Engineer: 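Take this structure first; my questions come after.
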Amino acid sequence: QVRPPPPAPEIINDHLEYDVEEIVNSRLTKHKPPRLQFRVKWTNYGHEDNTWEPIANVLNAKEAVRDYYKKKKRAKGWNIWEKLFEDAQP
């Protein structure tokens, strides 16, 4: 069966924006200092299209990040992410 193509991304402030369906994982990179990344499941895309994204790319998906930490019962992780989110705001 052939899957229909996913919807085109929205253009917001001259940047392509895709809709985050769910955060499925997180990790710290080996950079110095480590950088937090999230594994993103994109709306209307298959799991094979999931990508690792830096915090800057999920700032508009605060609910998805909150749900991820709530599901994983990682309140401390949410508190750290929320601080990083606030710091990343212009």
Side-chain angles (χ1 to χ4, degrees):
Q1 181 178 358
V2 176
R3 253 187 339 171
E10 294 182 51
I11 299 176
I12 300 175
N13 296 329
D14 295 326
H15 293 7
L16 296 177
E17 290 278 335
Y18 293 85
D19 189 37
V20 173
E21 180 177 317
E22 179 184 14
I23 303 295
V24 296
N25 205 346
S26 65
R27 70 180 180 188
L28 289 173
T29 66
K30 295 180 181 181
H31 294 92
K32 299 220 189 255
R35 297 176 191 151
L36 181 61
Q37 293 182 332
F38 293 97
R39 185 77 171 169
V40 176
K41 164 69 173 83
W42 302 102
T43 301
N44 297 319
Y45 285 81
H47 286 282
E48 66 276 5
D49 296 315
N50 293 359
T51 58
W52 285 104
E53 299 294 333
I55 289 173
N57 291 359
V58 296
L59 291 177
N60 293 333
K62 193 172 182 179
E63 291 296 319
V65 175
R66 180 177 296 155
D67 291 347
Y68 167 74
Y69 282 118
K70 191 174 183 180
K71 183 169 42 174
K72 296 293 184 186
K73 295 179 174 48
R74 294 181 183 168
K76 183 178 180 183
W78 168 251
N79 293 337
I80 292 168
W81 186 86
E82 192 167 41
K83 172 76 171 112
L84 293 170
F85 174 84
E86 290 168 5
D87 291 347
Q89 295 300 306

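Remember, it's a predicted structure, so these values are computed and weren't measured experimentally.
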Engineer: Among the clusters formed by ILVMFWY side chains lying less than 4.5 Å apart, do Tyr45 and Val24 turn up in the same one?
Structural biologist: no
Engineer: Is any side-chain heavy atom of Val65 less than 4.5 Å from a side-chain heavy atom of Val58?
Structural biologist: yes
Engineer: Say you draw a straight line from CD of Gln37 to CD of Glu53; how long is it, rounded to the nearest 0.5 Å?
Structural biologist: 8.0 Å
Engineer: Does the side chain of Ile23 come within less than 4.5 Å of Asp67's, by heavy atoms?
Structural biologist: no
Engineer: Do Trp52 and Leu59 share a hydrophobic cluster, counting only Ile, Leu, Val, Met, Phe, Trp and Tyr and linking them when any side-chain heavy atoms are less than 4.5 Å apart?
Structural biologist: no
Engineer: Of the non-hydrogen atoms in Trp42 and Val20, which two are nearest, and what is the gap between them?
Structural biologist: CZ3-CG2, 3.6 Å
Engineer: Is Tyr68 reaching over with its side chain to a backbone N or O of Ser26, donor-acceptor style, under 3.5 angstrom?
Structural biologist: yes
Engineer: At what distance, to the nearest 0.5 angstrom, does OH of Tyr18 lie from CG of Asp49?
Structural biologist: 10.0 Å
Engineer: Output yes when a side-chain donor or acceptor of Thr43 lies under 3.5 Å from a complementary backbone atom of Asp19, and no otherwise.
Structural biologist: yes
Engineer: Is it the case that the side chain of Thr29 and the backbone of Arg35 share a donor-acceptor pair, with hydrogens and angles ignored and the cut-off at 3.5 Å?
Structural biologist: yes
Engineer: Answer yes or no: is there an ion pair linking Glu22 with Lys71, defined by an N-O contact shorter than 4.0 Å?
Structural biologist: yes
Engineer: Within this structure, what is the CG-CG distance for the pair Leu28 and Leu36, rounded to the nearest 0.5 Å?
Structural biologist: 5.5 Å
